[in-house]
Amino acid sequence: VAGIAYGCYEMYVQRHPHVQNEMDPEKKTIVILGSGWASTSFLKDIDTDDYNVVVVSPRNYFLFTPLLPETTVGTIDIRSVIEPTRFIARHKSRTVNVIEAECTQIDPEKKLITIADNSDVKGNHATSTLSYDYLVVGIGAMSATFGVKGVEEYGCFLKEVWDAQKIRTKLMDCIETAAFPNQTPEEIDRLLHMVVVGGGPTGIEYAAELHDFLVDDLTAWYPELAGKVKITLIEALPNVLPAFSKKLIDYTESTFKEQNISIHTQTMVREVRERDIEVKRPDGTVDNIPYGLLVWATGNTARPLIRDLMQKFPETQLVRRGLAVDEWLRLDGSQDIYALGDATATRYAPTAQVAAQQGKYLARLFKQLANRDALELELEDASDEEKVKKERKLRKIKDIRPFQYSHQGSLCYIGSDKAVADLPFGPGGNLASGGVATFAFWRSAYISSLFSTRNRALVITDWLKKTALGRDISR
Ligand code: FAD
Ligand code: NAD
């Protein structure tokens, strides 16, 4: 009942936003870079009574990445897994200034950032500057290519909304072109060969979704082609899902075999060309594999802005993978820059779980900083008697605990309504499970972690729609 009541309240506020207070020149300003998992979790929890808050991001929304693979084949609609940043900030006491722009420069000495308008519509790329008291860097990472030639030009990444849209278009293009009259059998085979590079969770989940689309929908609508569609997954290591337990790796590999998805392990892609890829096999032989669609999911690398920022701290920023931060998420070498999520190089994996927990933690830390500043001001005018009490309180506040990650487990969809889960409880502190029941758990876990009632309602509706009507096969 409480859930439904809160949902109704959320819907009301969405249509009738609160009147919010304007920015306060007396308060310190936090500039947040990015609107992904890390920055959005921070934004949700930061108290705008204490600070002015400005968000700068080239996209004006939060994307729920765990369900992105489902959007590539139309299991769910892209709009169901995004949430405008302004909606997320609508409960705040003070207006959050959301600027759709890319941060192109950070000047830590002047505490100033340069931003560039990334709008295509206006056709201009105006730039401006913003000053900050605190900067929170949550700009994530970008897809790694490891310098393999042709990936950017011919491959599709799977990280952002536009990547999913590109994959969808390319996939349907391959299928429709293969259905065009008088194609040669070799060309049909090439067009219908879907290759996924990278056997981490992104590559596995994409291959799984593609398989389901093929079996549930394409077989019915393109019966003459369905038997010819091939899915191949290429992984450089000896097995897929290296972060999962052995039992689940074996389960995933055997499920893929049943689904006719070929896995080529210990195989490195050396070059991507327009119509084929060159791979090196474990025995050292080199092969050319023709493909129609190539999805490249080989992990992350640091964004140029992150590399540029590292160069400004040559003595403390020595890790290439991302920004080095202390246990309180403060950038090593800086007093007022904080960094979190995939933009950082920490001992944690680059996951949404880590990014979200860091965002929450940092909002708490900023609350403590605000309380500390307020107490320090009060101390100046306090009587001797009050001083003792306040100093004790201040010591407590100053003792800010470092960030501690609490792992909630890893989940991965593997196709045919099956998922695998490595959970940190049960006998021996680990429960590894796979199958249809795990898929039900996977769905409920993601539904409950969506950020709004609106998204939850849309995703559930999409799942029901898919079950009742099938997926949309239009391009
Ligand atoms: P992001 O979420 O990538 O956000 C970065 C933000 O910064 C974006 O808003 C971007 O537009 C913005 N930005 C970029 N450049 C600039 C700039 N120059 N200036 C300002 N802003 C900028 N993790 C899990 O734990 N569970 C899962 O099930 C899971 N599934 C995934 C599925 C897919 C397909 C992918 C790609 C990832 C998945 N992950 C999952 C990983 C997870 O999405 C990332 O770890 C998480 O997004 C990291 O959060 P972040 O905020 O650091 O970066
Ligand atoms: P990843 O780094 O986890 O996996 C990339 C894989 O690509 C690795 O196994 C690597 O060996 C392989 N690879 C690298 N170069 C290659 C090459 N040239 N040829 C063939 N294979 C190559 O990347 P990801 O799957 O994109 O995941 C990124 C992060 O997001 C991870 O932390 C992951 O846990 C998280 N994520 C989680 C989920 C989930 O929990 N369901 C889903 C997607 C992503």
Side-chain angles (χ1 to χ4, degrees), residues 23 28-44 46 48 51-63 65 82 84-86 88-89 95-122 124-143 159-162 300-314 316-317 319-325 329-345 350 355 358-359 362-363 366:
M23 296 238 173
K28 288 189 173 164
T29 298
I30 304 176
V31 174
I32 308 173
L33 301 184
S35 54
W37 277 96
S39 298
T40 303
S41 302
F42 176 74
L43 173 65
K44 279 176 75 180
I46 187 70
T48 49
Y51 301 97
N52 295 313
V53 176
V54 182
V55 179
V56 174
S57 179
R59 53 176 220 216
N60 73 348
Y61 56 83
F62 165 74
L63 164 66
T65 47
I82 64 178
T85 304
R86 283 182 172 81
I88 291 164
T95 310
V96 170
N97 189 4
V98 180
I99 304 174
E100 195 190 63
E102 189 180 335
C103 172
T104 52
Q105 276 274 348
I106 299 170
D107 184 338
E109 298 226 320
K110 293 190 184 137
K111 295 173 76 166
L112 200 75
I113 63 165
T114 306
I115 58 172
D117 181 5
N118 62 315
S119 160
D120 292 336
V121 182
K122 287 181 213 147
N124 74 39
H125 291 280
T127 60
S128 183
T129 54
L130 279 178
S131 52
Y132 63 83
D133 294 297
Y134 295 110
L135 183 69
V136 172
V137 183
I139 67 164
M142 57 185 206
S143 302
K159 196 147 182 59
E160 297 285 352
V161 163
W162 49 90
N300 296 339
T301 189
R303 290 190 191 276
L305 181 68
I306 297 298
R307 296 223 177 99
D308 188 59
L309 184 58
M310 284 175 189
Q311 281 173 8
K312 293 178 175 153
F313 298 91
T316 48
Q317 294 296 324
V319 195
R320 271 181 64 82
R321 201 158 46 89
L323 297 170
V325 291
L329 306 181
R330 194 160 57 177
L331 190 77
D332 282 347
S334 167
Q335 290 298 315
D336 28 53
I337 302 180
Y338 291 78
L340 61 180
D342 287 5
T344 60
Q358 288 179 330
L362 200 59
F366 270 95

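Along the sequence shown, the residues carry numbers beginning at 1.
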To the nearest 0.5 Å, what is the distance between CG (D342) and CZ (R303)?
9.0 Å
Donor-acceptor pair, side chain of Q317 and main chain of D332, under 3.5 angstrom:
yes
Taking only residues two or more places apart in sequence, or in another chain, which ones meet E100 in a side chain to side chain contact (heavy atoms under 4.5 Å, CB included)?
N60, N118
In short, side chain to side chain donor-acceptor pair (under 3.5 Å) pairs touching residues 101-113 with sequence neighbours left out are Q105-K312, K111-D336
Tell me the closest heavy-atom pair linking I88 and K44, and the distance in Å.
CG2-CG, 3.5 Å
Counterpart residues, side chain to side chain contact (heavy atoms under 4.5 Å, CB included), relative to T48 (two or more places apart):
V53, K92, S93, R94, V96
Atom pair CG/CZ of L362 and R330 - distance to nearest 0.5 Å:
11.0 Å
For V54 and M23, the nearest pair of non-hydrogen atoms, with its separation, is CG2-CE, 3.9 Å
Quick test of your reading: applying side chain to side chain donor-acceptor pair (under 3.5 Å), list the pairs with at least one residue in residues 126-139, sequence neighbours left out, ordered by first then second residue.
none
Please test M142 against T301 for side-chain contact (heavy atoms from CB on, under 4.5 Å), starting from the C-alpha separation and ending with a verdict.
CA-CA 5 Å; M142 57 185 206; T301 189; 3.8 Å; yes
According to ring-ring contact (aromatic ring centres under 6.0 Å, His included), who are the partners of Y338, at least two apart in sequence or on a separate chain?
F366
So, S39 side chain and L33 main chain: donor-acceptor pair closer than 3.5 Å or not?
yes
Note: A345 and V319 closest approach over all heavy atoms is CB-CG1, 3.9 Å
Residue among L309, I106, T29, L130 satisfying side-chain contact (heavy atoms from CB on, under 4.5 Å) with L135
I106
Atom of I46, atom of I30 and distance for their closest heavy-atom approach
CD1-CD1, 3.8 Å
Side-chain donor or acceptor of T40 paired with backbone N/O of W37 under 3.5 Å:
no
Begin with the C-alpha distance, continue with both residues' side-chain angles, and end with the deciding distance and a verdict on side-chain contact (heavy atoms from CB on, under 4.5 Å) for I139 and L305.
CA-CA 9 Å; I139 67 164; L305 181 68; 3.8 Å; yes
Do you know the tightest heavy-atom contact between Q311 and P314?
O-CD, 3.5 Å
What is the distance from atom CD1 of I337 to atom CZ of F313, rounded to the nearest 0.5 Å?
4.5 Å
More than 12 non-hydrogen atoms from neighbouring residues, nucleotides or ligands closer than 6.0 Å to CZ on R307, yes or no?
yes
Kindly give the heavy-atom pair with the smallest separation between A141 and K159, and that separation in Å.
O-CE, 3.0 Å
Can you name the side chain to side chain contact (heavy atoms under 4.5 Å, CB included) partners of T85, sequence neighbours left out?
S35, L43, V55, V98
Separation between CG (N52) and CG (N97), nearest 0.5 Å, reads 9.5 Å
